[in-house]
Amino acid sequence: MYCPNCGTKNNYYHRYCFLCGTCLVSDDKQAQGEHENPEDELGSLEDFYDTGHDEAEVTKKIDEDAFFSDMGSAGFDFSYEDPDEPKADDDAFDLQETLPLRRYKKDTVKKGNGAQKLLKASLVILLCVLTGLLIYIGYTELWGKNGQLSVSNSLDLNYDIKDIVQDGESGKKITFYSTKGSRIIVTGDLEQDLSYELPVVNGKAELILLSTDFLTQDHEIIDGQFNITLNIKVRADGYKDRFDKVTLKMPVPYAPLTIIQPSDGEAVVDTFNYKLIIKVRPGSEVFIDDNSYTHMVDDEGNLAVLLEVPDLSELTYTLRVVLPGYADNEKTIKLKRRQMEIPLLIDQDVPITATEDWVEISGTTDPQAALSSSLPTMEEPAVDPETGRFVIKVKATRSGYTPLILTAKVEGKEDSVLELVIDRAIDESQYTRTAWAPDYDSLKAHENLHNGQCFLFTGVIKDLDSTGVKDILIVNTGTEDNEKLIHVDYYGARSFTLGQEVRIFGNRWGNKDDIPYILAKYIYPNN
C-alpha cells in the first residue's frame, strides 16, 4: 500500500509508513493513545537511523504543506484496510515489524564485507610470507654462500690403481678421472702423511705413491703390508666439493740393502776370510750377526768387510739394516768352503801383501800331496808328512798385482787348485804414474806381450760378477760399433754398476777367454 502522506510504497502488513511514520490504517482501528503524534514519531525515527547514508538510497525530503495540499486537491482516499490483518484495538506499535530496518541491514552487510576484506588481506600477507620463505629456502639450497651452485652429486669421480716400481721402490699409481672437476686434493688419513693437489687435465689426474712416502711406525703392518687411507676432495668452480676415500694396501718399505758380493747370497770360499761388500742408504745402521759395522759405512753407503770363515762346510751370516721411516731389512748370506778331494788352504788373506821380491806363503794340505807353483820358487815346497803343513817361497818382482796358482796333487785323486794374488806394495800416485797407454790389438794378438806392466784403460762396464773374493768386470774400451773388451779382476772394496764408465789402473797378465786379462789395483769412476 502507499503512504497517504508521502506516497511511499509499504508492505501490506505495515501499519505505519516506512518513511514518514504515517498510520496506514483507519483511525477507528488504531489503538487509543498510541502514536497520537505521527510527526513526533517520525522525528524519533529520523534520530534512530543514521542519516549519513547516500541520498540516493533515501527518499528526498518533501515539503509537507505542498505535498498534502496536492494530495488533498486530488481527492484521494488514503484509507486502507487489510482483510488479513487481525483487528485489535490494543495492538502495540512494533517498530521492527512496521519499519523494515533497511539501513540496519545495509550496515550489517558492509560490516560483513569488511571482515571479508580483512580475511583476504590476511591470506595475501600469508601467501607473500610463504612465497618469500620458499624463495629463501630455494636460494640457500640451490645456491651456495658465494653464489656457487649446490650440486653435491654432480662432480663425478672414478679411479684405478696399479702396482709400480720406481727407482727400486715399490708403490702405487692412482689415476683419477673426472669430467667436471678441475683439481683433486689428496691427503693421508694421518696428520703426518703427505698431501697433494693435482690439476685435472683432459679429465684425468695421476698420483704416484711409494711405500717410502709413509712412515712405517705409524701404520699397522699385516702380512708384510700396511693399510693406507686417502681422503679425496674433488673441486671445481660452480660446484660444491665432492669427498671420497681410497684405501690402499701398500707394501712395507724395508731399509735399502744391496748385497754386491756374494751377489746371489752364497759364495764358495778358498781361504779363511771372505770380503763382504754391500750398499745401503747413507745414514743407515748396519749389523752383522748383531755386531754393529755402522762406522765402516762410507758417505756413499758402501760397506766392505772381511768375514772370518772357519773350517766348516757351511756358515751363515745375518745382515740387518736399520733406517728411520723403514722397516728393518734382514738378509742372510751363506759361505761354503770349497770342497776339494785334496785339502789345500793357506794362512794369508788374498791378495797376499808383500814388500820383498820373495814372498813366503804357508798353509795345510794332504800330508801325501805334492805342491807346485806358477811362479818361480826358492826351493822345492816341503810338506810335513804328518800334519800336512807347508811353507813355500815364490818370486814376485812386479809392483802391483801378480797372479799365483798353487796346485796339490795326490796319486789317484783329483788335483786341488788355488788361484791367489800377490800384492807388491807401492804408493798409489807412483803406481798410477807408471801406467802405459795400451795398444789393444797388440795385447790381444800377443798373449805374453808386456806381462806385469801397469796399463791405463778407459771404458764402460758391460758385465759384472763376483766370486765373493773378487769382482769380475767385462769392460768395453772401444766404441759401440767397434768393441775392445778386457777381462778385469778387482780385489778392492769399490762398488760398480752396469753401464758405468771407469778408469782402470792394472797389471796385464796374458789373456783370458781370448781378451786381455787385467789385475786391477785401482778403479775410479770416469766422470
Side-chain angles (χ1 to χ4, degrees), residues 261-262 266-276 305-317 333-398 400-425 451-452 465-472 487 489-492 507 509-510 512 517 519 521:
Q261 61 182 41
E266 295 185 0
V268 177
V269 181
D270 295 326
T271 64
F272 291 102
N273 295 303
Y274 178 81
K275 182 182 289 185
L276 171 71
V305 60
L306 286 176
L307 300 178
E308 293 184 359
V309 183
D311 191 7
L312 299 173
S313 61
E314 183 175 300
L315 182 66
T316 300
Y317 282 94
I333 61 171
K334 291 182 179 180
L335 303 179
K336 298 178 181 180
R337 296 302 295 267
R338 185 182 298 276
Q339 299 301 310
M340 298 180 182
E341 193 172 1
I342 302 172
L344 180 59
L345 299 172
I346 65 171
D347 298 330
Q348 292 80 13
D349 297 332
V350 179
I352 301 170
T353 304
T355 58
E356 304 291 339
D357 289 348
W358 292 99
V359 182
E360 182 179 280
I361 301 171
S362 62
T364 58
T365 186
D366 189 299
Q368 304 300 319
L371 292 180
S372 63
S373 168
S374 62
L375 292 178
T377 60
M378 183 176 290
E379 57 187 12
E380 284 293 323
V383 179
D384 190 299
E386 294 183 359
T387 62
R389 292 289 301 172
F390 67 87
V391 175
I392 184 173
K393 287 187 177 182
V394 297
K395 189 174 184 179
T397 60
R398 289 286 185 177
Y401 287 158
T402 301
L404 168 64
I405 297 176
L406 285 182
T407 304
K409 294 183 177 182
V410 175
E411 188 176 353
K413 294 183 180 180
E414 184 180 354
D415 295 349
S416 294
V417 179
L418 283 181
E419 294 185 2
L420 306 175
V421 173
I422 296 174
D423 180 14
R424 282 290 304 275
N451 274 344
D465 198 3
S466 174
T467 65
V469 177
K470 62 184 178 182
D471 290 327
I472 301 173
H487 182 113
D489 284 354
Y490 175 69
Y491 290 85
N507 301 90
W509 292 101
K512 183 171 286 190
Y517 173 51
L519 286 176
K521 187 170 178 63

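What you see below is based on every heavy atom in this structure, not just the backbone, and it leaves out hydrogens, waters and symmetry mates.
- Nearest heavy atom pair, residue Pro351 against residue Tyr491, reads CG-CB, 3.7 Å.
- Between Arg424 and the options Asp357, Thr355, Thr397, a side chain to side chain donor-acceptor pair (under 3.5 Å) holds for only Asp357.
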Mind running side-chain contact (heavy atoms from CB on, under 4.5 Å) on Leu307 and Ile333 for me, showing each step along the way?
CA-CA 11 Å; Leu307 300 178; Ile333 61 171; 3.9 Å; yes
Take Thr402 and Val359 through the test side-chain contact (heavy atoms from CB on, under 4.5 Å) and record every step on the way to the result.
CA-CA 11 Å; Thr402 301; Val359 182; over 6 Å; no
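- Glu341 places a side-chain N or O within 3.5 Å of a backbone atom of Glu414 that can act as its donor or acceptor partner.
- The line from CD1 of Ile346 to CG of Leu404 is 8.0 Å long, rounded to the nearest 0.5 Å.
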Any chance you could lay out the side-chain contact (heavy atoms from CB on, under 4.5 Å) test for Lys521 and Asp423, step after step, and finish with the verdict?
CA-CA 9 Å; Lys521 187 170 178 63; Asp423 180 14; 2.9 Å; yes
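- Across Pro403 and Leu519, no two heavy atoms sit closer than the pair CD-CD1, 3.5 Å.
- Heavy atoms only, all atoms of each residue included: Lys336 and Glu266 are closest at NZ-OE1, 3.7 Å.
- Considering all non-hydrogen atoms of both residues, Ala408 and Ile342 come closest at O-CD1, 3.6 Å.
- Qualifying side-chain contact (heavy atoms from CB on, under 4.5 Å) partners for Thr377, counting only residues two or more places apart in sequence or in other chains: Ser373, Ile392, Val394.
- Every residue two or more places apart in sequence or in another chain that forms a side chain to side chain donor-acceptor pair (under 3.5 Å) with Tyr517 is listed here: Asp489.
- Within the 4.5 Å cutoff, side-chain heavy atoms of Asp366 are placed close to those of Lys413.
- A donor-acceptor pair under 3.5 Å links the side-chain atoms of Asn507 to the main chain of Tyr401, judged by distance alone.
- Between Thr364 and Phe390 the shortest heavy-atom distance is N-CE2, 3.3 Å.
- With 3.5 Å as the limit, one finds a donor-acceptor pair spanning the side chains of Asp347 and Ser362.
- Residues meeting the ring pair (Phe, Tyr, Trp, His ring centres under 6.0 Å) test with Tyr490, sequence neighbours left out: Phe496.
- Residues Glu308 and Leu315 approach most closely at O-CD2, 3.7 Å, considering heavy atoms.
- For NZ of Lys393, the number of neighbouring non-hydrogen atoms (other residues, nucleotides, ligands) closer than 6.0 Å is 12 at most.
- Atom CD of Glu356 is surrounded by 12 or fewer heavy atoms from other residues, nucleotides or ligands within 6.0 Å.
- The residue from Leu406, Leu344, Thr387, Leu418 that alone fulfils the side chain to side chain contact (heavy atoms under 4.5 Å, CB included) condition with Thr365 is Leu344.
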After noting the C-alpha distance and the side-chain angles of Leu375 and Lys395, does the key distance pass the side-chain contact (heavy atoms from CB on, under 4.5 Å) rule?
CA-CA 6 Å; Leu375 292 178; Lys395 189 174 184 179; 5.8 Å; no
